[in-house]
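Numbering of ligands and ligand atoms starts at 1, following listing order. Treat the numbers as computed from the prediction; the structure is a model and nothing was measured.
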Amino acid sequence: QAKASGRNTYSFFTDEMNTIMQRRFQLEEQMHGALERNEFEVYYQPQYTVLNQEIIGAEALLRWNNNSLGNITPDEFIPIAEHTGLIVPIGRYVIKQALTFLNQWQKQNALNYSISVNLSPRQFRDPGLVNFIKSTLKETHIAASCLNLEITEGVLMSGQSYIYQAISKLKKLGVKLAMDDFGTGYSSLNYLRQYPFDELKIDRSFIQGISENKPDCDLVKATIAMSHSLGLTVVAEGVETNEQLTLLQDMGCNVCQGYLLNRPLTIQQLLKLPK
Ligand code: C2E
Ligand code: MG
Ligand code: MG
Ligand code: MG
């Protein structure tokens, strides 16, 4: 009896593993050629000043729509793109699209918006990354200071010197550097000391709790104070309610983004927003 149920458990487990492996295999297979088939689209989530909700820029967020698999979320496909190395050409595509769009957006509204682009660890192993960014900025006539590169601790954790060197070169170009998802992971203050960050983004999971949860509220307040004393701009991610926005105003948070203000939008939608 025990043996039978043991075997059942075992075969259930392999079935599940099988499904996961199959899905992964399909995603990998479809991801090759997805760029050429134009299946990726960059969406843009506007970023607002906390004080009076003026748009100051947007974060580029990648979307993938595949003929056979449908819409796949970045949380599912980015890790696979990382693993296969396909994030290198895909990431370059995002940078090119985002800067090309930024040029159009700045021109249309005659405003000096900025654009944030997420970079994952594998992209730093591309020895051409810095030059690609440099030449794309030039090609699209965008000032380096309007490009904000978002990285998570995962990029810095290996402590590899080529990462430090790439970041130094990017900073020399005048590009801005943001620490993304702060508060998740190790939140090592050492990274804030060692790397030339301009911006710190407080993770959505903390923002969610600020109106109900005293510890979350205190942590966010303290993070904002610490960031400001280090000279960092603070961005709140995932602002969904007016209560959260009001609290962030009281706390002196600089920038916010979230469903309360706007979801990630297509270029056409973003260009239609009032200035
Ligand atoms: P992230 O950089 O932390 O981006 C924020 C995520 O929160 C986005 O999810 C955004 O759509 C979502 N979000 C924004 N406001 C709200 C809100 O009010 N409520 C809720 N529930 N969610 C909100 P998304 O677009 O699914 O992206 C997930 C992650 O995938 C990103 O997290 C980023 O790490 C990664 N990613 C997305 N695009 C790219 C890319 O082009 N390159 C790389 N390397 N990573 C990317
Ligand atoms: Mg981000
Ligand atoms: Mg984030
Ligand atoms: Mg994230």
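Residue-ligand proximity, Gly258 to ligand 1, at heavy-atom distances under 4.0 Å covers atoms 15 (N), 18 (O). The ligand atoms of ligand 1 that sit less than 4.0 angstrom from a heavy atom of Val94 are 41 (O). For ligand 1, the atoms closer than 4.0 angstrom to any heavy atom of Pro74 are 24 (P), 25 (O), 26 (O), 27 (O), 30 (O), 37 (C). The contact set between ligand 1 and Gln45, taken as ligand atoms under 4.0 Å from a residue heavy atom, comprises 14 (C), 15 (N). Close approach of ligand 1 to Glu240 (heavy-atom distance below 4.0 Å) involves ligand atoms 17 (C), 18 (O), 19 (N), 20 (C), 21 (N). Which parts of ligand 1 touch Ser120 is read off a 4.0 Å heavy-atom cut-off, strictly below it: atoms 44 (N). Residue Pro264 approaches ligand 1 through these ligand atoms, each under 4.0 Å from one of its heavy atoms: 11 (O). In the vicinity of Glu237, heavy-atom distances shorter than 4.0 Å reach the ligand 1 atoms 3 (O).
Of all the listed residues (Ile95, Val155, Ile78), Ile78 holds the heavy atom that lies closest to atom 45 (N) of ligand 1. When Thr184, Leu260, Asn118 are checked for heavy-atom proximity to atom 2 (O) of ligand 1, Asn118 turns out nearest.
Of the heavy atoms in Asp181, only side-chain atoms (C-beta onward) come closer than 4.0 Å to ligand 1. Under 4.0 Å from ligand 1, heavy atoms of Leu62 appear from its side chain as well as its backbone. Using a 4.0 Å cut-off between heavy atoms, Arg63 contacts ligand 1 through its side chain alone, with no backbone atom that close. Here Val239 has backbone heavy atoms under 4.0 Å from ligand 1, and that is the only part of it that gets that close. Residue-level proximity to ligand 1 for Arg263 is absent, since no heavy atom of it falls below 4.0 angstrom.
The pair Arg23-Glu76 meets the salt-bridge criterion, since a charged nitrogen lies less than 4.0 angstrom from a carboxylate oxygen. Between Lys221 and Asp250 there is no salt bridge, since no side-chain N of the basic residue sits under 4.0 Å from a carboxylate O of the acidic one. A salt bridge between Glu199 and Lys176 is absent, with no side-chain N of the basic residue lying under 4.0 Å from a carboxylate O of the acidic one. One finds no salt bridge joining Glu240 and Arg204 here, because no Lys/Arg side-chain nitrogen approaches an Asp/Glu carboxylate oxygen to under 4.0 Å.
At most 12 heavy atoms of other shown residues, nucleotides or ligands fall within 6.0 angstrom of atom NZ in Lys214.
The aromatic rings of Tyr113 and Trp105 sit parallel, their planes meeting at an angle under 30°, below the 60° perpendicular limit.
For Asn118, the nearest N, O or S atom to the Mg ion (ligand 2) falls under 2.8 Å. At a cut-off of 2.8 Å, Glu59 is counted among the residues with an N, O or S atom near the Mg ion (ligand 2). Coordination check, Glu237 versus the Mg ion (ligand 2): failed, since every N/O/S atom of the residue sits at 2.8 Å or beyond.
At a cut-off of 3.5 Å, with distance as the only test, a side-chain donor of Asn52 or Thr49 sits close to an acceptor on the other residue. Checked by atom type, the side-chain pair Asn118/Glu59 shows a donor-acceptor distance below 3.5 Å.
In Asp180, the N, O or S atom that comes nearest to the Mg ion (ligand 3) is OD1. Between the Mg ion (ligand 3) and the N, O or S atoms of Asp181, the shortest distance is to OD1. Sorting the N, O or S atoms of Glu150 by how far they are from the Mg ion (ligand 2) puts OE1 first.
Counting only residues at least two apart or in different chains, ring-ring contact (aromatic ring centres under 6.0 Å, His included) contacts with residues 172-202 comprise Tyr164-Tyr195.
Ring to ring, Tyr44 and Phe101 are close: their centroids are under 6.0 angstrom apart.
For a threshold of 3.5 Å applied to N or O pairs, the pair formed by Arg204 and ligand 1 contains at least one separation below that value.
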